[in-house]
Amino acid sequence: MAEAYPHIFTPIQIGTQTLPNRLIMGSMHTGLEERDGGIDRMSAFYGERAKHGCALIITGGFSVNAAGQLDRKSASFNTPEIAQAHKPIPQAVHDHGGRILLQILHAGRYGYHGDIVAPSPIRAPINKTVPREMTEAEIEQTIVDFAQAAVYAKEAGYDGVEVMGSEGYLINEFTAPCTNHRTDQWGGSFENRIRFPLRIIQAVRAATGPDFILMYRLSVLDIVEGGSPLSEVRDMAQRVEAAGADVINSGIGWHEARTPTIAQAVPRAGFAWATARVKDALSHIPIAAVNRINMPETAEEILSSGQADMVSMARPFLADAAFVEKAQAGKPQQINTCIACNQACLDHYFVGEISSCLVNPRACHETLLTWTPATAAKTVAVVGAGPAGLSCAEVLAERGHHVTVFEAADQIGGQFRLASAIPGKQEFEETLRYYTTRIAELGITLKLSTPATLEDLTAFDEVILASGVAPRIPDIDGITHPSVITYADLLSGKRQAGDRVAVIGAGGIGIDVSVYLTEGDSDSHLNPDAFRRHWGVDQPADNPPPAREVTLLQRRSGKMGIGPGKTTGWVHRLSLLKAKVEMIPDVVYQRIDDHGLTILAGPEQRTLPCDTIVLCAGQTSQTALLEPLQAAGIPTHLIGGAKLATEVDAKRAIAEGIAVAASL
Ligand code: FAD
Ligand code: NAP
Ligand code: SF4
């Protein structure tokens with residue numbers, strides 16, 4: 001069935017090796033690199049992906065020396081002992097016929113430790129420390145260190161390395177004019193600025209021989225002031241090819257860039273055009289497109305339109321280990337799709353937790369989160385088909401239990417379906433499509449438009465109460481005024497908003513609703529050209545006026561508009577600022593009447609003359625069935641928002657559903 005995606009499954013030559021398909025599992029730092037027991041867990045993580053058809057995997061980044069570490073705890077690859085310890089990882093991939101490259105990097109001025117170095121002593125906007133300018137001797141030694149790391153990688157059994165030349169790390173700092181102010185042979189002219197990466201490529205090739213895959217990650221788009229112009233990027237690609245690289249992987253945007261590059265605001269394949277602009281500069285080696293490519297049809301389109309020769313996807317392989325296998329079988333509807341939320345991958349990494357995946361909590365936890373067939377099959381009722389109930393039902397049925405899901409609404413999804421109306425969160429529909437497929441495949445009985453009653457549930461061995469949450473109605477004078485609606489009314493289409501809207505509550509939902517209200521006809525989250533215009537990528541920003549005048553309010557003081565995501569807060573706030581959303585903290589809600597919403601903002605009383613007030617003031621658990629079930633002596637398990645409404649998100653809901661299902 002590979003005919004469904006003929007370009008993906010056309011073999012490709014990389015150096016002296018032939019790969020059976022054109023999908024790459026791109027590099028992701030998972031946090032396992034630094035953990036005790038990490039080697040075993042990485043072996044299981046990568047091995048499982050290779051087992052399901054992933055032909056070329058790239059590990060997370062390993063620094064080539066101490067100065068190049070991301071922080072003092074981050075993993076390096078610079079001793080024979082480390083090489084020896086890594087042997088199980090490539091072995092696990094080779095056992096399933098896959099290939100794996102080690103990514104080698106030097107963090108340069110992005111390092112978070114006391115001795116960071118760079119071509120010039122220019123501080124990165126995202127780092128407080130000014131780097132030390134490298135001496136020529138240090139530059140020469142770093143080239144040796146890259147080559148030595150590659151040799152160690154070969155000794156460990158890796159099939160090659162990816163040299164990290166993008167994202168604003170050290171190599172990129174040499175190539176871009178804005179970070180390289182040197183006047184010696186390593187700076188100034190284009191020839192001088194690219195000397196460092198070319199010498200690294202030549203050194204790695206000389207040290208490892210012709211059969212060792214050498215991938216170079218080239219920044220095809222820096223998105224920083226004073227980054228490399230397109231003409232230099234194309235020349236650089238040619239020089240990388242001539243220096244001995246086997247394949248180029250694209251890098252998009254430096255870490256300090258203030259344009260989203262992988263968040264939900266980015267449309268699918270939103271940066272493939274940047275790779276396409278470089279592709280025809282190359283004469284014989286392939287180049288891979290990257291970023292926000294999460295389904296096989298998107299990858300196929302990139303390949304068939306000639307934008308790239310290969311497609312690299314990272315997070316989609318967290319979301320589904322069997323992505324390639326399912327695509328090859330022509331069954332994309334079975335793929336558990338990455339929704340670009342960053343909530344369990346990047347957000348985890350940034351707070352020192354092991355990466356995982358919101359839609360697949362097994363990712364990077366393959367040895368820890370397992371389930372076996374049930375010893376005795378039970379009849380289990382799941383009340384509620386939100387993320388908690390759906391994930392629970394899936395695993396219960398996989399284990400052999402007989403599962404019936406009751407859902408009050410006429411479709412599955414709960415709050416998660418409401419979320420899919422938000423610009424950028426249309427990907428959430430993929431998760432619901434995945435569960436719809438699983439319900440059918442696993443023979444789960446789904447009763448839609450059926451609010452469960454105690455009577456419905458008494459015959460079951462166990463009940464899972466996944467009845468979720470409802471919007472909180474705050475106690476404000478005039479709250480029943482016709483101008484007041486809940487976010488659920490608005491997003492479900494039950495009620496419409498006028499032109500001037502006040503949003504009460506600036507948590508994740510208040511921010512999302514403000515984006516929804518102001519977005520209008522803009523399709524910047526769906527269309528790469530519109531995205532480029534909206535964010536001003538390689539052209540001046542051009543934003544249509546916001547669809548509505550929105551005021552976002554919260555009782556707390558402090559900076560607003562960031563929301564719960566560690567790595568996406570700045571995107572949310574920028575989006576609100578672009579949409580001219582007025583954000584008012586430190587608010588006391590006084591009353592709602594025909595004049596609008598009267599508040600105290602600090603010492604000042606204001607009446608916001610709004611025609612609609614949207615309540616986004618948190619949620620309360622829906623647990624009306626709990627007491628009757630307990631009184632009837634029916635074993636009942638609470639999960640998701642029904643268990644605790646405070647800060648419930650889909651990540652917690654899905655994880656709790658799986659944990660309970662695995663334990664029954
Ligand atoms: P719910 O989603 O509330 O599902 C409960 C289900 O139970 C509902 O379908 C309901 O109809 C059904 N039900 C209730 N009582 C009965 C009954 N008696 N019989 C039958 N059925 C019943 N989370 C994130 O992680 N990331 C995000 O980016 C994100 N964005 C969001 C944006 C918006 C606009 C909204 C509204 C939510 C967002 N969330 C997000 C939150 C996330 O959707 C919720 O945390 C999650 O849906 C909670 O899952 P749940 O299964 O516990 O409950
Ligand atoms: P939330 O983050 O708890 O925010 C609720 C907001 O309502 C707060 O701003 C709170 O701030 C205000 N509030 C609470 N009680 C109030 C009251 N009685 N009167 C007036 N205001 C009140 O919850 P949420 O926005 O409803 O989101 C629900 C869950 O969904 C969250 O846990 C979140 O993680 C998840 N979510 C995630 C994302 C994401 O992008 N990752 C997006 C949306 C939702 P003040 O008390 O300061 O006014
Ligand atoms: Fe994708 Fe979200 Fe999973 Fe990260 S946590 S891999 S962004 S679905």
Side-chain angles (χ1 to χ4, degrees), residues 28 262-264 294 314-319 336-348 355-360 363 382-392 405-409 411-422 424-425 427-428 431 447 450-453 456 465-476 487-488 491 504-513 516 553-558 560 563-565 568-569 572 585-587 589 615-619 621-625 639-643 645-654 656-657:
M28 280 175 287
I262 60 169
Q264 285 167 336
N294 64 346
R315 297 172 297 170
F317 283 103
L318 290 175
N336 200 0
T337 303
C338 167
I339 59 172
C341 63
N342 284 357
Q343 285 175 242
C345 49
L346 278 182
D347 285 357
H348 276 204
S355 291
S356 187
C357 175
L358 179 146
V359 300
N360 175 25
V382 176
V383 180
L390 291 167
S391 65
C392 190
V405 177
F406 293 87
E407 171 51 55
Q411 44 188 350
I412 65 165
Q415 299 280 310
F416 201 73
R417 183 174 291 284
L418 292 178
S420 70
I422 304 297
K425 296 197 173 177
E427 295 287 3
F428 287 22
T431 308
K447 296 185 177 222
T450 311
T453 61
D456 293 323
L465 200 50
S467 42
V469 293
R472 173 186 288 126
I473 310 298
D475 186 13
I476 302 171
Y487 69 82
L491 299 176
I504 290 184
I509 293 179
I511 292 171
D512 276 357
V513 162
Y516 173 90
L553 306 156
Q554 77 175 23
R555 298 175 302 181
R556 267 169 297 149
S557 51
M560 291 178 66
T568 46
H572 291 137
D586 209 3
V587 158
Y589 303 107
L615 300 178
C616 302
Q619 298 146 335
S621 297
Q622 303 198 94
T623 52
L625 278 168
I639 56 172
K643 182 176 174 187
T646 310
E647 290 184 4
V648 67
D649 61 6
K651 183 179 80 169
R652 197 188 98 204
I654 288 175
E656 280 181 12

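Counting starts at 1 for both ligands and their atoms, following the listed order.
Protein heavy atom nearest atom 21 (N) of ligand 1, with residue, atom name and distance: Ala408 N, 3.0 Å. With hydrogens left out, the protein atom closest to atom 7 (S) of ligand 3 is Asn342 N, 3.0 Å, a heavy atom. Scanning the protein for heavy atoms near atom 43 (C) of ligand 2, the closest one is Gly508 C, 3.2 Å. Counting protein heavy atoms only, atom 10 (C) of ligand 1 is closest to Glu407 OE2, 3.5 Å. For atom 18 (N) of ligand 2, the nearest protein heavy atom (residue, atom name, distance) is Arg555 NH1, 3.6 Å. Taking atom 1 (Fe) of ligand 3 as the reference point, the nearest protein heavy-atom neighbour is Cys338 SG, 2.4 Å. With hydrogens left out, the protein atom closest to atom 4 (O) of ligand 1 is Gly386 CA, 3.4 Å, a heavy atom. At the top of the distance list for atom 2 (Fe) of ligand 3, counting protein heavy atoms only, stands Cys341 SG, 2.4 Å. Nearest protein heavy-atom contact of atom 3 (Fe) of ligand 3 is Cys357 SG, 2.4 Å. Atom 34 (C) of ligand 1 has Leu491 CD1, 3.5 Å as its closest protein atom, hydrogens excluded (heavy atom only).
Residue contacts with ligand 2: Ile509 is placed with a nitrogen or oxygen under 3.5 Å of a nitrogen or oxygen of the ligand (distance criterion only). Considering backbone and side-chain atoms alike, Gln554 places every N or O at 3.5 Å or more from each N or O of ligand 2. Residue Arg472 has at least one N or O atom closer than 3.5 Å to an N or O atom of ligand 2. No N or O atom of Leu358 sits closer than 3.5 Å to an N or O atom of ligand 1. Considering backbone and side-chain N/O atoms, Pro474 never comes within less than 3.5 Å of an N/O atom of ligand 2. Note: an N/O pair closer than 3.5 Å links Gly507 and ligand 2 by distance alone. Considering backbone and side-chain atoms together, Gln264 places no N or O closer than 3.5 Å to any N or O of ligand 1. Geometrically, ligand 1 and Gln622 share no nitrogen or oxygen pair separated by less than 3.5 Å. For Ile504, no nitrogen or oxygen atom sits less than 3.5 Å from a nitrogen or oxygen atom of ligand 2, counting backbone and side chain alike. Ligand 1 has no N or O atom lying under 3.5 Å from any N or O atom of Ile509, backbone or side chain. On a distance-only criterion, Val469 and ligand 1 share at least one N/O pair closer than 3.5 Å. For the pair Tyr487 and ligand 1, the shortest N or O to N or O distance does not fall below 3.5 Å.
Residue Tyr516 places no heavy atom under 4.0 Å from ligand 1. Note on ligand 1: Cys341 sits outside its first shell, no heavy atom being nearer than 4.0 Å. Look at Leu390 and you'll find every heavy atom at least 4.0 Å from all atoms of ligand 1. Using a 4.0 angstrom heavy-atom cutoff, Pro387 counts as in contact with ligand 1. Using 4.0 Å as the threshold, Thr453 has no heavy atom nearer than that to any atom of ligand 1. In this structure, Tyr589 is part of the shell of residues with a heavy atom less than 4.0 angstrom from ligand 2. Within the 4.0 Å heavy-atom cutoff, Lys425 counts among the residues contacting ligand 1.
Contact atoms of ligand 1 toward Pro451: 19 (N), 20 (C) (distance under 4.0 Å to a heavy atom of the residue). Within ligand 2, counting atoms from 1 as listed, the ones closer than 4.0 Å to a heavy atom of Val648 are 29 (C), 30 (O), 31 (C), 32 (O), 35 (C). Atoms of ligand 3 found under 4.0 Å from any heavy atom of Ala340 (numbered from 1 in listed order, with element): 1 (Fe), 7 (S).
The main-chain N or O of Pro585 is never found under 3.5 Å from a side-chain atom of Gln554 such that the two would form a donor-acceptor pair. The backbone N or O of Ile339 lies less than 3.5 Å from a partner atom in the side chain of Gln264, making a donor-acceptor pair.
Using a 4.0 Å threshold on non-hydrogen atoms, atom 40 (O) of ligand 2 counts as touching the protein. Checking atom 39 (N) of ligand 1 against the protein gives no heavy-atom contact under 4.0 Å. Using a 4.0 Å threshold on non-hydrogen atoms, atom 8 (C) of ligand 1 counts as touching the protein.
With respect to the salt-bridge test (charged N to carboxylate O, under 4.0 angstrom), the residues Arg555 and Asp586 do not qualify.
Among Ala470, Ser467, Ser420, the residue whose heavy atom sits closest to atom 14 (C) of ligand 1 is Ser467. Ranked by closest heavy atom to atom 8 (C) of ligand 2, the top entry among Arg556, Gln415, Met560 is Arg556. Across the listed options Leu553, Asp649, Asp512, Ile473, Asp649 owns the non-hydrogen atom lying nearest to atom 34 (O) of ligand 2. Among Ala506, Cys341, Pro471, the residue whose heavy atom sits closest to atom 9 (O) of ligand 2 is Ala506. Considering each of Gly414, Ala466, Gly565, Ala645, the one bringing a non-hydrogen atom nearest atom 5 (C) of ligand 1 is Ala466.
At a 4.0 Å heavy-atom cut-off, ligand 2 touches Cys616 through the backbone alone. When non-hydrogen atoms are compared, ligand 2 lies under 4.0 Å from the side chain of Lys425 (C-beta onward) but not from its backbone. Heavy atoms of Ile476 found under 4.0 angstrom from ligand 2: none, in either backbone or side chain. Heavy atoms of Pro564 found under 4.0 angstrom from ligand 2 belong exclusively to the side chain. Within the 4.0 Å heavy-atom criterion, neither part of Ala363 lies near ligand 3.
Residue contact annotation: Cys345 places no N/O/S atom under 2.8 Å from atom 3 (Fe) of ligand 3.
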